[in-house]
Amino acid sequence: MTLLTLQTVKKDFGIKEILTDASFSLDATDKVGLIGVNGSGKSTLLKMIAGLEPIDGGKLIVNPGARIVYLPQQPDINEKNTVLEQVFADSGEQMALVKEYEAISGQLSLVSVEKQPEVLSRLSVVSEKMDVTGAWDLETKAKIILTKLGIEDFDTPVGRLSGGYRKRIALATALLSEPDLLLMDEPTNHLDADSVEWLQNYLKLYQGAIFLITHDRYFLDKVTNRIIEIDRAALYTYNGNYAYYLEKKALAEESVASSQRKFQGVLRRELEWLSRGPKARSTKQKARIQRIEEMQAMEFKQAKGKVDIATPGRRIGKKVIELNHISKSYGERTLIKDFTYEFTPEERIGIIGPNGIGKSTLMDMITARIKPDSGKVEIGATIQFGYFDQHSEDLLSAINENQRVIDYLKEVGEYVKLADGNQISASQMLERFLFPPNQQYAPINKLSGGEKRRLFLLRVLMLAPNVLILDEPTNDLDVQTLAVLEEYLEDFNGCVIVVSHDRYFLDRVVDKIFAFESEGKLRQYPGNYSVYLEYKQKEEAEEKAVVVKEKEPEKKPQQPQEKLVNNNGKNRSLSHYEKKKFQELETLIAQMEAEKVALEQTLYQNPPSGYTKLEELSARLAMLSKEIESATEQWLELAERDF
């Protein structure tokens, strides 16, 4: 079933054309990733589909029976609601029943014994209504989704939460609504790696259609089955995931480049013929001259828009950054405890950990924005920091939203000397970062959030840092810019420190991981993020093996059969039947453990829609736990007698 269709749609903001003759359709099973450089119109296209932005031409046909839910980057949330109330805000009767059930449940412990039957009767009526409307299932699923997104206090007022947590609540609300088409603008922003992994697996199993914008390329690769690229007001469709898109785009660009080389070769030969001064007497000669003139006037379409990062370099000395036993706490909460490390000139460090654990605090101490409570930070004499802050768009706004783009960059310098010795103007530098001349003279407030991030990145790089600190650089930067940034960092002459949840970016850029753990501890792992995961998985497997071994009874040396004492079945060797039972229990326990894991995955990642089925699975999970415990006790009893 086709959910919506765009037919030759146009969109123009005056200083910038967003779409010309854009056409595509979305079917009920499509999972589409929308990519393009910042400012190309990705968010605008989602808003047009959601009905929040008008089209300037063409047709947008939406199936009248299709439910569409739009998750923006900055969702509108009622700060007076609790977390659970906000998630259920559009659930109507179901939410009312949940609230009524919880209120009556709270009364049970407060009323007298005589009034308890009356309260129980009301509770039973509400319970039946919840069963009929599916409110039980809704509440259970909401709490599972919120927990997986890192929110466990469901009664907290939304107004007390940070912007990142509000985005998670909006995401949970969108997932819970289960529309026919889910429009998502950067859903992985503000999520840690575990939450991104869970969301990735959840959306892979999602029954409806998805149309999303994301910078997370692993996420894009795992979730989507089609990629649409928007470039200079045109749409290009690739019928596969992100890896397929990369392969096909490379082939397409090579084909365009080959065609252009052939065209230039033909034109060069024709111009050589023309330079020899042919006599334009015959009709054929006149036609050939006219064709040459047409070829000269032809504008061969250039390769698709791509950021070009080539910025100044600066010498870096042997001493970079030395952290000597630094600690930082806020109240009773310890973020960093007694951490020592000496950074080297060409290190590539990735810093990971849950939100709010202290990653940005560490960066702020390194750059002297804040001081450690104890310990010392020493910076080398030649060090020039370049700090790309995750809140850089706020810094832009604080400077002057009405300032022209080119004036903002000229504050760094009118001309820039590149690493190769060439000198280019600020305007040329902006063009390399995909800011055309008409946009360079527009005020900063006309830029999209992603374009502001790209502009700030350019300013940071133009300052010629030799220590580059990137705090969540992938938030709001498009995948094309990230790919070029990764290539730039490979050849960057200096130290790079990255704070990020982006698995792909960390795999491409870093060669050492600092992982924040509990109580302010930072642990070091060699290698990129994937290598770190292998270390962690190996450690967890070893820890699990130790726990299992500790639970196993210590085997006693086998005694000769005749020395064993028969004492009412104790301290005697196992019979043939008991040996068989021992082996059967080992197999049975393994099977039940596997079933338990499968049930937990179903309940927490893809719970059934009906309350009855949900109750059956929950009951089976509880029974399995008891059966595993009983079987394990029998196994241990037999194991103690060593056969």
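- The ring of Phe516 has its center no closer than 6.0 angstrom to the ring center of Phe514.
- Classification of the Tyr341-Phe339 ring pair by plane angle, with boundaries at 30° and 60°, yields parallel.
- Looking at Arg508 and Glu490, a side-chain N of the basic residue comes within less than 4.0 Å of a carboxylate O on the acidic one, giving a salt bridge.
- Listed for the Arg503 side chain is no donor-acceptor partner under 3.5 Å among the backbone atoms of Ala193.
- Asp221 and Asn241 share a side-chain donor-acceptor pair at under 3.5 Å.
- Within 6.0 Å of the NZ atom in Lys222, the count of heavy atoms belonging to other residues, nucleotides or ligands does not exceed 12.
- A distance-only check finds a donor-acceptor pair linking the side chain of Arg454 to the backbone of Phe433 [under 3.5 Å].
- Not one N or O on the side chain of Arg314 forms a donor-acceptor pair closer than 3.5 Å with the backbone of Asn466.
- Formation of a donor-acceptor pair under 3.5 Å by the Thr340 side chain with backbone atoms of His325 is found in this model.
- Side-chain polar atoms of Asn402 and Asn445 form a donor-acceptor pair below 3.5 angstrom.
- For the atom pair OG of Ser43 and CG of Leu183, the computed distance is 11.5 Å after rounding to the nearest 0.5 Å.
- For Tyr532 and Tyr529, the ring centers sit closer than 6.0 Å to each other.
- Taken to the nearest 0.5 Å, the CG atom of Leu146 stands 12.5 Å off from the NZ atom of Lys141.
- With values rounded to the nearest 0.5 angstrom, Ile316 atom CD1 is found 11.0 Å from Gln384 atom CD.
- Under 3.5 Å, the side chains of Asp471 and Ser360 contain a donor-acceptor pair of N or O atoms.
- Taking the charged nitrogens against the carboxylate oxygens, Arg160 and Asp153 have no contact shorter than 4.0 Å, which rules out a salt bridge.
- With hydrogens and angles disregarded, a donor-acceptor distance shorter than 3.5 Å links the side chain of Asn355 to the backbone of His190.
- For the residue pair Asp216/His501, the side-chain donor-acceptor check at 3.5 Å is not satisfied.
- In this structure, the side chain of Glu186 engages the main chain of His215 through a donor-acceptor pair within 3.5 Å.
- Taken to the nearest 0.5 Å, the CG atom of Asp338 stands 11.5 Å off from the CG atom of Leu323.
- Using a cut-off of 4.0 Å between Lys/Arg side-chain N and Asp/Glu carboxylate O, Lys359 and Glu472 are scored as not salt-bridged.
- A donor-acceptor pair under 3.5 Å links the side-chain atoms of Lys42 to the main chain of Gly36, judged by distance alone.
- Side chains of Tyr218 and Asp507: a donor on one and an acceptor on the other come within 3.5 Å.
- Counting only N and O atoms by type, the side chains of Thr361 and Asp364 include no donor and acceptor under 3.5 Å apart.
- Note that the CD1 atom of Ile326 and the NZ atom of Lys337 stand 14.5 Å from one another [nearest 0.5 Å].
- A salt bridge does not link Glu85 with Lys80: every distance from a Lys NZ or Arg NE/NH1/NH2 to an Asp or Glu carboxylate oxygen is 4.0 Å or more.
- Residues Leu489 and Leu468 are in side-chain contact: their nearest non-hydrogen atoms beyond the backbone lie under 4.5 Å apart.
- With respect to the salt-bridge test (charged N to carboxylate O, under 4.0 angstrom), the residues Lys512 and Glu347 qualify.
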